[in-house]
Amino acid sequence: MKELDERKRKILNAIIQNYLDTGEPVGSRTISKYSDLNLSSATIRNEMSDLEELGYILQPHTSAGRIPSDQGYRFYVDNLMKEKDREVTEMKEFMIEHTERMEQVLKQMAKVLAANTNYTAMITAPSFHRNKVKFLQLSQVDEEQLLAVIVMEGNLVKNKMISTREALDNETLLKLNILLNTSLNGLSAEQINLGTIAKLKEQAGIHSNIVGDVLDALAGVIQEDEELEVYTSGTTNILKYPELSDSRKASELLNTFEEKQQLISLVNEALASEEETGIQVYIGAESPIQNMKDCSVVTATYQLGEGMTGTIGIIGPKRMDYENVMDNLKTLKIQLDTVFRKPGKK
């Protein structure tokens, strides 16, 4: 395919995106409304004639607008995939380098935090809170299976196998990939509502069942992402404080730290707070965990960019040294950002 100059690229992208949104042939007047083009209708018509001659767009009817040809779709998707592949490759390299030591680093930080405060410390691995869809790609594995590559914000990559009743040709796969990406990119789980799903299935026509399977796979990825990993240290420190050391209270607290499910509810509350990256203090009955009604809990949410967030927490008696705890949490937040920051991020 002949290389296109920047102006032709922009016009072709505008035609394809508009056609994907409306399903109607696109005219020069519609394209001229794109603010970043700043071209007259006459100039756009000339460029569209060149694109048609080069085989990137078609005119289905005389005096009608243009629609993308298969060659135009191919150009659009190849460039889209190049951009996404580059982003994913960069993030994969970063995460491969850091993920192997992430668990070790977080456990060590929890240990240091517990030692510095003489209380119980907890820290969660970063998750992708309220994550959004970044990119989807379907590929044929064999006549009965598709591979769905799902990339979420933060470049979390998941692969899911989808069963099909028949092999799909390249053109059908291409159109399904375009449909899924233009409809879902940038949407969070909350934004993918029944209306979005119904519209997607209608546009997919006879392949609506495949779109349904992709949406189910996407829901599974989001659910997996919500499963938090919580690391604790210094759980026996609570036994140093008489008001927490009687056998019943100590047993309930130790069970909470061991099971961790209640700690996850505490983390979710911290993440949902309006003061997302601020420090939160729960005193006694303010804690969402019933077994901690005789404790104070101080949490802070850290952010590593690209939607990645985690929570640090300290659990101790109500008479804890709040100033020391807050200073330690602030210091740890800075350390986490330094350790896991992507190269080049400021």
Side-chain angles (χ1 to χ4, degrees), residues 94-95 97-99 101-131 153-154 228-238 240-241 243-244 253 256-257 260 262-289 292-346:
F94 169 69
M95 291 307 290
E97 178 185 348
H98 289 75
T99 299
R101 65 190 181 102
M102 184 178 287
E103 180 177 342
Q104 180 182 352
V105 169
L106 291 174
K107 285 181 177 179
Q108 182 61 29
M109 286 186 165
K111 186 176 180 180
V112 169
L113 193 57
N116 287 348
T117 60
N118 248 336
Y119 306 128
T120 300
M122 71 171 188
I123 186 166
T124 70
S127 63
F128 301 85
H129 186 54
R130 296 195 181 100
N131 209 350
E153 212 173 51
L228 294 174
E229 187 68 47
V230 182
Y231 306 106
T232 58
S233 185
T235 54
T236 57
N237 282 347
I238 59 170
K240 298 176 182 178
Y241 304 97
E243 62 267 45
L244 300 176
L253 282 170
T256 298
F257 298 134
K260 297 186 179 177
Q262 292 186 75
L263 293 180
I264 290 174
S265 68
L266 175 64
V267 170
N268 287 333
E269 176 156 322
L271 288 172
S273 168
E274 293 180 0
E275 305 174 35
E276 287 179 352
T277 57
I279 289 179
Q280 319 254 348
V281 180
Y282 304 91
I283 300 173
E286 295 173 356
S287 170
I289 301 178
M292 292 184 181
K293 64 183 179 181
D294 295 312
C295 303
S296 279
V297 182
V298 185
T299 65
T301 302
Y302 65 89
Q303 292 187 333
L304 306 187
E306 290 282 357
M308 294 174 70
T309 61
T311 299
I312 320 160
I314 293 289
I315 299 100
K318 295 178 189 177
R319 59 186 176 93
M320 70 164 52
D321 185 344
Y322 292 97
E323 184 176 1
N324 180 46
V325 166
M326 290 180 186
D327 285 344
N328 273 276
L329 288 178
K330 287 176 182 176
T331 300
L332 187 54
K333 282 176 62 174
I334 295 169
Q335 291 174 340
L336 283 166
D337 194 31
T338 301
V339 170
F340 296 114
R341 181 186 292 129
K342 183 178 176 181
K345 177 187 168 189
K346 301 295 183 183

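Among pairs with a residue in residues 106-115, those fulfilling salt bridge (charged side-chain N to carboxylate O under 4.0 Å, His left out) read E103-K107, at least two apart in sequence or across chains.
In this view, F257 satisfies the ring pair (Phe, Tyr, Trp, His ring centres under 6.0 Å) rule with no residue, not counting sequence neighbours.
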_Test side chain to side chain contact (heavy atoms under 4.5 Å, CB included) applied to V281 and M326, step by step_ = CA-CA 10 Å; V281 180; M326 290 180 186; 3.6 Å; yes

*Show your reasoning for whether side chain to side chain contact (heavy atoms under 4.5 Å, CB included) applies to T256 and I289.*
CA-CA 9 Å; T256 298; I289 301 178; 4.2 Å; yes

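In this structure, D327 CG and T117 OG1 are separated by 12.0 Å, a value rounded to the nearest 0.5 Å. Atoms CG and CG, from N328 and L332 in turn, are 8.0 Å apart once rounded to the nearest 0.5 Å. A distance of 10.5 Å separates OG1 in T331 from CE in M109, rounded to the nearest 0.5 Å. Here OG1 of T124 is found 8.0 Å from CG of L106. Values are rounded to the nearest 0.5 Å. Between the CG atom of L329 and the CD1 atom of I312 there is a distance of 6.0 Å, given to the nearest 0.5 Å. Atom CD1 of I315 and atom OG of S296 lie 10.5 Å apart (nearest 0.5 Å).
By the 6.0 Å contact criterion, NZ on K318 is enclosed, its count of non-hydrogen atoms from other residues, nucleotides or ligands being greater than 12.
Looking at M320 and V298, their side chains come closer than 4.5 Å, going by heavy atoms from C-beta outward. Counting heavy atoms from C-beta outward, Y241 and D294 have side chains that stay 4.5 Å or more apart. Under the 4.5 Å side-chain criterion, counting only non-hydrogen atoms from C-beta, Q280 is not in contact with V297.
Put simply, the side chain of S287 never gets that close to the backbone of M292: no donor and acceptor are under 3.5 Å apart.
Comment: E243 engages R319 in a salt bridge, judged by a side-chain N to carboxylate O separation of less than 4.0 angstrom.
Across all non-hydrogen atoms, the minimal contact from A114 to A121 is N-CB, 3.8 Å. Among all heavy-atom pairs drawn from L244 and C295, the shortest one is CD2-SG, 3.9 Å.
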Identify all side-chain donor-acceptor contacts of residues 230-238 below 3.5 Å with residues at least two apart in sequence or on another chain.
{"from": "N237", "atom 1": "OD1", "to": "K240", "atom 2": "NZ", "distance (Å)": "3.3"}
{"from": "N237", "atom 1": "ND2", "to": "Y119", "atom 2": "O", "distance (Å)": "2.9"}

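No side-chain N or O of Y282 forms a donor-acceptor pair with one of T299 less than 3.5 Å apart.
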